[in-house]
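Atoms within a ligand are numbered from 1 in the order they appear, just like the ligands themselves. Since the model is a prediction, treat every value here as computed from it, not as a measurement.
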Amino acid sequence: MDSKDNSGGAFLADIREIRRRARQHIEGGAVTNGYKADRATVLRVLNEALATELVCVLRYKRHHYTARGIHSQAVADEFLEHAAEEQGHADRLAERIVQLDGKPNFNPDGLLTRSHWEYVEGENLVDMIREDLVAERIAIESYSEIIRYLGDNDPTSRRLMEDILANEEEHADDMSTLLERVSEDAQRLRKSGREARGGR
Ligand SMILES: [Fe+2]
Ligand SMILES: [Fe+2]
């Protein structure tokens, strides 16, 4: 190395130091000394989001298989699509937890306690859609909070949560459109039933 080139020398020394630290902490995987977040808290928060997603998968699956009524086929298809997307969110969260040298928690024991939302089955199509909409709205709120917490300290986890959040917003929108359509038709059916009985 040219000793007269001080700036380059300092730069190379920095690179060497970064490489040395990377080798020294190789067991840390993707977590380097530059990682600024509180890893234990991030792992706990990501595991809670994982639990939330797993509960969402179960709820959408239950709704998919039990949807009955005039719109049941279209709504059941939508439930199945959402179940698959929630599963995708769970997979990405588990992957990130492992990258951060943590353990993704798939233990069914305590799943509901770790989740941000409870598991509600719903009796009819309107109830089911309403439960799903509420669950999506809770996910949107809690994920927004997680994104604010992560800030610039863990940009990769933040970006992951932002992607998932955008998808939950689409889910909430889908559910609110469905809810409107299905409740309007249910009302119309009740009204025409009353008219038919009154006409007799
Ligand atoms: Fe999700
Ligand atoms: Fe969702």
Side-chain angles (χ1 to χ4, degrees), residues 37 41-69 71-100 102-151 154-183:
T41 307
V42 172
L43 286 173
R44 188 174 52 78
V45 158
L46 293 181
N47 259 314
E48 282 171 8
L50 173 62
T52 303
E53 296 295 341
L54 294 173
V55 171
C56 283
V57 173
L58 297 176
R59 200 193 53 251
Y60 274 125
K61 284 268 184 179
R62 166 63 152 83
H63 290 176
H64 167 70
Y65 287 110
T66 56
R68 295 284 179 275
H71 292 294
S72 59
Q73 196 48 55
V75 177
D77 290 350
E78 189 86 19
F79 287 156
L80 187 63
E81 200 179 290
H82 282 205
E85 282 170 359
E86 309 297 13
Q87 182 63 63
H89 298 165
D91 292 338
R92 290 182 69 190
L93 283 161
E95 218 169 60
R96 181 61 186 155
I97 290 167
V98 170
Q99 265 178 6
L100 290 173
K103 291 183 177 64
N105 192 345
F106 283 94
N107 192 344
D109 197 15
L111 184 62
L112 215 44
T113 322
R114 296 195 300 278
S115 155
H116 297 150
W117 181 235
E118 48 185 324
Y119 173 84
V120 181
E121 293 188 331
E123 285 303 310
N124 54 52
L125 220 45
V126 173
D127 274 358
M128 289 178 190
I129 301 170
R130 194 178 291 125
E131 283 311 326
D132 291 330
L133 176 58
V134 172
E136 294 293 353
R137 288 172 63 94
I138 288 178
I140 289 169
E141 252 179 62
S142 58
Y143 291 178
S144 304
E145 213 167 289
I146 293 174
I147 290 164
R148 277 194 293 275
Y149 166 76
L150 291 168
D154 182 343
T156 308
S157 299
R158 192 195 65 225
R159 273 198 301 275
L160 168 63
M161 292 308 298
E162 282 170 347
D163 273 3
I164 297 178
L165 173 66
N167 211 196
E168 308 303 6
E169 285 174 346
E170 280 171 29
H171 288 172
D173 195 44
D174 292 344
M175 287 299 118
S176 98
T177 311
L178 271 187
L179 187 61
E180 244 170 68
R181 216 170 64 206
V182 173
S183 348

Does R158 pair with E162 as a salt bridge, N-O distance under 4.0 Å?
yes
Given 3.5 Å as the limit, does a donor-acceptor pair link the side chain of N47 with the main chain of K103, or not?
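Indeed, once roles are kept as given, a pair shorter than 3.5 Å links the two residues.
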What protein N/O/S atoms sit under 2.8 Å from the Fe ion (ligand 2), by chain and number?
E86 OE2, E136 OE1, E136 OE2, E168 OE1, H171 ND1
Which N, O or S atom name in E53 marks its closest approach to the Fe ion (ligand 1)?
OE1
Taking ring pair (Phe, Tyr, Trp, His ring centres under 6.0 Å) as the test, write out the residues that go with H82, two or more places apart.
Y60, H171
Might you work through the side-chain contact (heavy atoms from CB on, under 4.5 Å) test for L165 and E169, ending with a clear yes or no?
CA-CA 6 Å; L165 173 66; E169 285 174 346; 4.1 Å; yes
Run the side-chain donor-acceptor check on residues 105-113: report pairs under 3.5 Å with partners two or more places apart or on a different chain.
from	atom 1	to	atom 2	distance (Å)
N105	OD1	N107	N	3.0
N105	OD1	R114	NH2	3.4
N107	OD1	D109	N	2.9

Under 3.5 Å donor-acceptor pairs involving side-chain atoms of residues 143-150, not counting sequence neighbours:
from	atom 1	to	atom 2	distance (Å)
Y143	OH	E53	OE2	2.7
S144	OG	I140	O	2.6

